[in-house]
K.L.:
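Please find one structure pasted underneath; my questions will follow.
Residue numbers start at 1 and run along the sequence shown.
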Amino acid sequence: MTRHISASRHDWEYWYSIVALLFLSNALHPFLSELIGIKIETYGDSNPLNLLVSIILYLIAGLLILKSPGNTLKLLQQNPFTVALLLLPLVSEFWSVDPGTTFRRAAAYTLTGVFCVYIAGRLTPEQFLKRLMFIVLIGGVASLLYAVVMPQFAITPGGMNAGTWRGVYGQKNDLGRISTIALICAYYFRPANRTETFYRYLTTIIFLFLLVASQSRTSWLIVVAFYVGVPLLRVMRDKRLTLSLRLFIAFSCAVTLGLVALASSEEILAALGRDDTFSGRETLWRAVTTIVNERFPVLGAGYGAFFTNNGGGQDLDAYIGYWVGRPDQAHSGYLNVRADLGAVGLVVLLVFLAITSAQLIRLILSRPNQSVWPAFGGLMVFFLINNYTETVAFKHSDISWAIVVIMAFYAGSQRQKAVHPVKLTPKDIRYRKLALRPISIAPIHGSISTDS
């Protein structure tokens with residue numbers, strides 16, 4: 001009877017985590033927006049139904065955390081910088097130019113952080129990778145079915161992106177991001193049986209197709225870079241080579257590829273159908289930078305407040321008045337963080353990313369038999385590149401940012417305690433020599449009686 005209750009409880013919590021991760025990946029977008037005619041903004045406030053679902057899911061995560069407060073407290077103590085990162089948006093309420101907007105969005109961001117704490121404290125890194133691949137597979141299959149049943153929603157009907165696929169995710173770039181995450185997870189996932197092997201190959205096939213269909217050129221570039229970098233990563237994990245040689249090879253290859261990419265940037269962008277203005281983003285970047293330098297250089301406008309009327313929104317109209325509508329984000333996560341949280345927030349973000357990346361590199365090199373750490377390394381590289389042209393950092397209810405935070409908790413909790421050598425006394429050394437000395441058995445002379 002006890003086993004049955006435990007199994008039921010486990011099944012319930014398992015499916016809760018699946019639904020919550022599907023929500024974070026925006027795979028529930030049709031049910032929360034398109035099919036009921038309610039719009040979800042990409043960065044700002046969500047529609048009421050989306051907000052209600054997020055509150056319910058995150059509150060459940062909070063209640064589940066309370067089941068093991070000791071483990072949660074230990075996880076937070078091991079990752080103080082990540083905790084500070086989760087609290088910074090709430091702290092920005094004190095200087096925000098639009099306190100109401102900042103509070104609503106910072107509360108949603110903090111609740112997303114609660115869910116990240118729950119996942120990192122409840123699942124092992126391998127379990128999280130497996131669950132992540134499972135939910136993107138669900139989203140991939142749903143996207144194919146959605147395109148067949150309701151192509152007017154799954155495929156962009158008109159405009160400059162006409163014909164591009166967006167699946168269940170609502171936007172072609174979102175489908176491109178999910179496709180990249182899916183391909184990285186599938187590559188490093190190690191199946192335990194034939195069913196999981198089938199899931200792995202199916203995920204790869206589906207998302208290679210969806211990646212191409214999405215026409216998300218940035219995601220194309222990232223995926224190509226990922227597959228090119230896989231052999232280099234194998235060299236870095238080869239224990240037959242010295243660590244210094246591995247690092248030298250990796251550094252040399254990285255610098256060479258960087259120089260080639262820099263020298264051929266115009267040709268690469270042209271081949272992808274883009275130019276060096278990044279589809280007009282450069283104009284927006286210059287405008288946001290100018291306003292931030294003049295009005296919010298140190299602390300920013302407050303989390304989520306820069307693009308409001310009280311922030312830099314109205315000033316922005318003078319620079320991009322010819323645009324159709326005012327954007328609600330900077331289309332660059334690094335610049336968006338600077339606009340909302342100032343130079344302080346940007347420094348905190350960069351230090352956080354540097355620390356997490358260093359920890360992941362250490363784990364990749366020190367644990368060559370575990371595939372989960374190079375998977376996390378690939379997801380981190382994806383985030384670093386993707387955050388340059390899209391606002392992902394500090395974004396609430398977003399799978400890409402949630403993955404980075406969860407990875408940071410995992411990496412920070414894997415620190416190995418330094419092993420200090422034990423000093424032996426002369427007496428200890430003498431006893432150790434005696435213990436290691438071979439034992440000689442003297443021959444037994446005489447006969448042995450066998451009488452009973």
Side-chain angles (χ1 to χ4, degrees), residues 42-43 85 171-181 183-184 211 214-229 254-255 257-293 300 306-307 316 320 327-343 345-358 360 376-396 398-405 407-408:
T42 57
Y43 183 77
L85 191 85
Q171 218 274 343
K172 74 179 188 71
N173 289 334
D174 289 339
L175 178 58
R177 287 196 302 146
I178 294 297
S179 298
T180 307
I181 292 172
L183 292 170
I184 293 174
L211 178 67
S214 71
Q215 296 293 305
S216 177
R217 310 303 173 88
T218 302
S219 297
W220 289 5
L221 192 62
I222 294 173
V223 169
V224 170
F226 166 72
Y227 284 120
V228 169
V255 170
L257 291 174
L259 292 175
V260 171
L262 186 62
S264 309
S265 59
E266 293 185 4
E267 290 78 4
I268 294 174
L269 291 171
L272 294 174
R274 295 290 184 266
D275 55 28
D276 55 5
T277 67
F278 292 92
S279 302
R281 287 181 175 90
E282 193 178 65
T283 303
L284 176 63
W285 295 342
R286 285 199 301 266
V288 172
T289 301
T290 301
I291 297 170
V292 170
N293 289 339
F306 179 84
F307 286 91
L316 199 62
I320 57 172
D328 60 357
Q329 55 158 309
H331 286 282
S332 170
Y334 305 107
L335 183 56
N336 208 95
V337 169
R338 190 182 171 210
D340 281 349
L341 301 173
L346 182 59
V347 169
V348 169
L349 172 66
L350 295 178
V351 171
F352 164 77
L353 294 175
I355 291 174
T356 305
S357 298
L360 289 175
F376 286 169
L379 292 171
M380 174 60 81
V381 172
F382 158 68
F383 170 83
L384 293 174
I385 299 174
N386 184 243
N387 194 53
Y388 181 74
T389 57
E390 297 292 338
T391 297
V392 184
F394 282 96
K395 187 176 179 181
H396 64 79
D398 181 84
I399 190 68
S400 297
W401 179 243
I403 288 173
V404 171
V405 174
M407 290 191 308

K.L.:
Show your working on side chain to side chain contact (heavy atoms under 4.5 Å, CB included) between Asn293 and Arg338 and close with a plain yes or no.
P.N.:
CA-CA 10 Å; Asn293 289 339; Arg338 190 182 171 210; 2.3 Å; yes
K.L.:
Could you tell me which non-hydrogen atom of Pro327 sits nearest to which non-hydrogen atom of Leu284, and how far apart they are?
P.N.:
CG-CD1, 3.8 Å
K.L.:
For Arg177, enumerate each residue passing the side-chain hydrogen bond (donor to acceptor under 3.5 Å, both in side chains) test, keeping only those at least two apart in sequence or located in another chain.
P.N.:
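Result, side-chain hydrogen bond (donor to acceptor under 3.5 Å, both in side chains) vs Arg177: Asp174, Asp398, Ser400.
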K.L.:
Are any of the side-chain heavy atoms of Phe394 and Asn336 separated by less than 4.5 Å?
P.N.:
no
K.L.:
Checking the side chain of Ser332 only, and the main-chain atoms of Tyr388 only, is there a donor and an acceptor separated by less than 3.5 Å?
P.N.:
yes
K.L.:
Say you draw a straight line from CG of Asn173 to OG1 of Thr218; how long is it, rounded to the nearest 0.5 Å?
P.N.:
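It is 6.5 Å, given to the nearest 0.5 Å.
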K.L.:
Sub-3.5 Å donor-acceptor pair from the side chain of Trp220 to the main-chain atoms of Leu211, do we have one?
P.N.:
yes
K.L.:
What residues, two or more places apart in sequence or in another chain, satisfy ring-ring contact (aromatic ring centres under 6.0 Å, His included) together with Phe307?
P.N.:
none
K.L.:
Where do Lys395 and Trp401 come nearest, in terms of heavy atoms and distance?
P.N.:
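Residues Lys395 and Trp401, closest heavy atoms: O-CD1, 3.6 Å.
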K.L.:
Taking the side chain as C-beta and beyond, is there a heavy-atom pair between Val404 and Thr356 under 4.5 Å?
P.N.:
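No, every pair of side-chain atoms sits at 4.5 Å or beyond.
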K.L.:
Show the numbers, then the answer: is there a side chain to side chain contact (heavy atoms under 4.5 Å, CB included) between Phe306 and Leu341?
P.N.:
CA-CA 9 Å; Phe306 179 84; Leu341 301 173; over 6 Å; no
K.L.:
Of all heavy-atom pairs between Leu349 and Leu85, which one has the smallest distance, and what is that distance?
P.N.:
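So the two residues come closest at CA-CD1, 4.4 Å.
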K.L.:
Show the nearest heavy-atom pair for residues Thr391 and Ala330, with the distance to one decimal.
P.N.:
OG1-N, 3.8 Å
K.L.:
Quick one: are Leu175 and Ser219 in side-chain contact, heavy atoms under 4.5 Å?
P.N.:
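Not in contact.
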K.L.:
Which heavy atom in Lys172 sits nearest to a heavy atom in Gln215, and how many Å separate them?
P.N.:
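Scanning both residues, the minimum pair turns out to be NZ-O, 3.4 Å.
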K.L.:
May I ask you to decide if Gly176's main-chain N or O and Ser216's side chain share a donor-acceptor pair within less than 3.5 Å?
P.N.:
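It does not hold such a pair.
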K.L.:
Evaluate side chain to side chain contact (heavy atoms under 4.5 Å, CB included) for Phe226 paired with Thr180, printing each intermediate quantity in order.
P.N.:
CA-CA 9 Å; Phe226 166 72; Thr180 307; over 6 Å; no
K.L.:
So do the side chains of Ile184 and Phe382 get within less than 4.5 Å of each other, counting heavy atoms only?
P.N.:
yes
K.L.:
So, taking the atom named CG in Asn386 and the one named CG in Leu379, what distance separates them when rounded to the nearest 0.5 Å?
P.N.:
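If I round to the nearest 0.5 Å, the distance is 11.5 Å.
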K.L.:
Tyr334 vs Leu353, test: side chain to side chain contact (heavy atoms under 4.5 Å, CB included). Steps then yes/no.
P.N.:
CA-CA 11 Å; Tyr334 305 107; Leu353 294 175; 4.1 Å; yes
K.L.:
Quick check against the 3.5 Å criterion: does Glu390 have a side-chain atom that pairs as donor or acceptor with the backbone of Val392?
P.N.:
no
K.L.:
How many angstroms lie between CG in Asp340 and CD in Gln329, if you round to the nearest 0.5 Å?
P.N.:
10.5 Å
